[in-house]
Amino acid sequence: MHCLSLLILVSLGSLSSATLDPCTSNTPNKCPTTYNCSATKVSKAIQAAECSHNTRTSSTQTFAVFVTDHQYDSSHGAPYGTCSAYTCTSPSTSEMGTTDDDCWTFFWSGTGEESGVGTNCIEDPETGECDCENSDGTLIAGSDSCT
């Protein structure tokens, strides 16, 4: 229970620096092999759904790379991990690596292998209920109509 409480606190802390703006495409199971810049923002212990549904930078975010942290695999909303957000040119298809089950790349600019966010909803870490997150960081339980 202590681990779950800590996960909730870490997750809630990361919400305040996100803006509702779902990615337009994604590439599951691949990380870029080439990065055109360093990450602008790195958020740890968040759901992949948070990484795909929200931008995390004050400048125009172009892509984000999510790497799974398996210590949270049994928690509602898994996978959890580290989301690194970028504001430079997105990697091209040829700059994406080989299969890596722990990696997921989300695109706001550029073309992923699949359209849309690719993830489930953002889940309440305690109940598993679908939530959404307003741009001000407020979690709205059971809703999918955040602003």
Side-chain angles (χ1 to χ4, degrees), residues 3 6-8 10-125 128-147:
C3 185
L6 179 61
L7 177 63
I8 291 167
V10 170
S11 293
L12 292 176
S14 69
L15 297 179
S16 61
S17 61
T19 301
L20 179 66
D21 183 12
C23 66
T24 56
S25 64
N26 71 93
T27 299
N29 305 317
K30 289 184 182 176
C31 280
T33 55
T34 301
Y35 292 83
N36 297 307
C37 62
S38 298
T40 302
K41 171 77 175 168
V42 177
S43 303
K44 296 181 181 223
I46 68 168
Q47 296 175 29
E50 291 177 86
C51 191
S52 69
H53 283 70
N54 304 306
T55 56
R56 316 197 86 65
T57 65
S58 57
S59 298
T60 301
Q61 182 172 317
T62 51
F63 70 103
V65 177
F66 179 84
V67 179
T68 303
D69 182 342
H70 290 287
Q71 70 176 317
Y72 305 114
D73 283 354
S74 62
S75 300
H76 290 293
Y80 283 83
T82 299
C83 178
S84 300
Y86 298 84
T87 57
C88 57
T89 302
S90 298
S92 66
T93 303
S94 65
E95 293 172 315
M96 296 301 291
T98 57
T99 300
D100 179 348
D101 291 341
D102 290 335
C103 196
W104 205 338
T105 305
F106 302 106
F107 296 92
W108 285 260
S109 173
T111 305
E113 292 178 357
E114 298 179 4
S115 63
V117 296
T119 63
N120 291 326
C121 62
I122 298 171
E123 292 183 26
D124 181 304
E129 180 179 28
C130 283
D131 297 335
C132 67
E133 175 186 347
N134 281 332
S135 292
D136 67 1
T138 305
L139 221 87
I140 309 298
S143 179
D144 64 358
S145 59
C146 286
T147 57

Review point. Ignoring hydrogens and geometry, is there a side-chain-to-backbone donor-acceptor pair from D131 to G142 under 3.5 Å?
Key: yes
Review point. How long is the span from the NE2 atom in H70 to the CG atom in D102, to the nearest 0.5 Å?
Key: 3.0 Å
Practice item. Write out all pairs satisfying disulfide (SG to SG under 2.5 Å) with one or both partners inside residues 43-83, taking only residues at least two apart or from two chains. Key: C51-C83
Check your understanding: Would a 4.5 Å heavy-atom cut-off, applied to side chains only, mark N29 and D101 as touching?
Key -> yes
Review point. Is the shortest heavy-atom distance from the side chain of Y35 to the side chain of C88 under 4.5 Å?
Key: no
Check your understanding: Donor-acceptor pair, Q47 side chain versus E123 backbone, under 3.5 Å?
Key -> yes
Revision key, fill the gap. In short, P28 meets W104 closest at the heavy-atom pair CA-CD1, 3.4 Å
Check your understanding: Can you name the nearest heavy-atom pair linking Y80 to A45, along with the distance?
Key -> CD2-O, 3.7 Å
Check your understanding: Has D21 got more than 12 heavy atoms of other residues, nucleotides or ligands less than 6.0 Å from its CG?
Key -> yes
Review point. For I46 and R56, what are the C-alpha separation, side-chain angles and deciding distance, and is it a side chain to side chain contact (heavy atoms under 4.5 Å, CB included)?
Key: CA-CA 12 Å; I46 68 168; R56 316 197 86 65; 3.8 Å; yes
Check your understanding: Does a side-chain heavy-atom distance below 4.5 Å link D73 with T68?
Key -> yes
**Study point:** Non-hydrogen side-chain atoms of T62 and S90 separated by less than 4.5 Å
**Key:** yes
Review point. How about N54 and L20: do any of their side-chain heavy atoms sit closer than 4.5 Å?
Key: yes
Revision key, fill the gap. So OG1 of T19 and CD of Q61: to nearest 0.5 Å the spacing works out to 9.0 Å
Exercise for review: Determine whether E113 and M96 make a side-chain contact, defined as any pair of heavy atoms from C-beta on separated by less than 4.5 Å.
Suggested key: no
Practice item. Start with the C-alpha distance between T82 and V42, add both sets of side-chain angles, then the distance that settles side chain to side chain contact (heavy atoms under 4.5 Å, CB included), and finish with yes or no. Key: CA-CA 7 Å; T82 299; V42 177; 3.5 Å; yes
Point to revise | Intermediate values then yes/no, side chain to side chain donor-acceptor pair (under 3.5 Å), T119 and S52 | key: CA-CA 7 Å; T119 63; S52 69; 2.9 Å; yes
Check your understanding: Is a donor on one side and an acceptor on the other found under 3.5 Å between the side chain of S115 and the backbone of S25?
Key -> no
Study note, to complete from the structure: One should read off an interatomic distance between K30 NZ and T93 OG1, to the nearest 0.5 angstrom, of 8.0 Å
Review point. Do T57 and T87 get their side chains close enough for a donor-acceptor pair, meaning under 3.5 Å?
Key: no
Point to revise | Sidechain-backbone polar pair: N120 side chain, G77 backbone, donor-acceptor under 3.5 Å | key: no
Practice item. Using atom types as modelled and distance alone, determine if a side-chain donor or acceptor of E129 lies under 3.5 Å from a backbone N or O of D124. Key: no
Point to revise | C23 side chain reached by F107 side chain, heavy atoms, under 4.5 Å | key: no
Review point. How long is the span from the OG1 atom in T24 to the CZ atom in F106, to the nearest 0.5 Å?
Key: 12.0 Å
Check your understanding: Using the ring of each side chain (for Trp, its six-membered ring), is F63 parallel, tilted or perpendicular to Y86, with breaks at 30° and 60°?
Key -> parallel
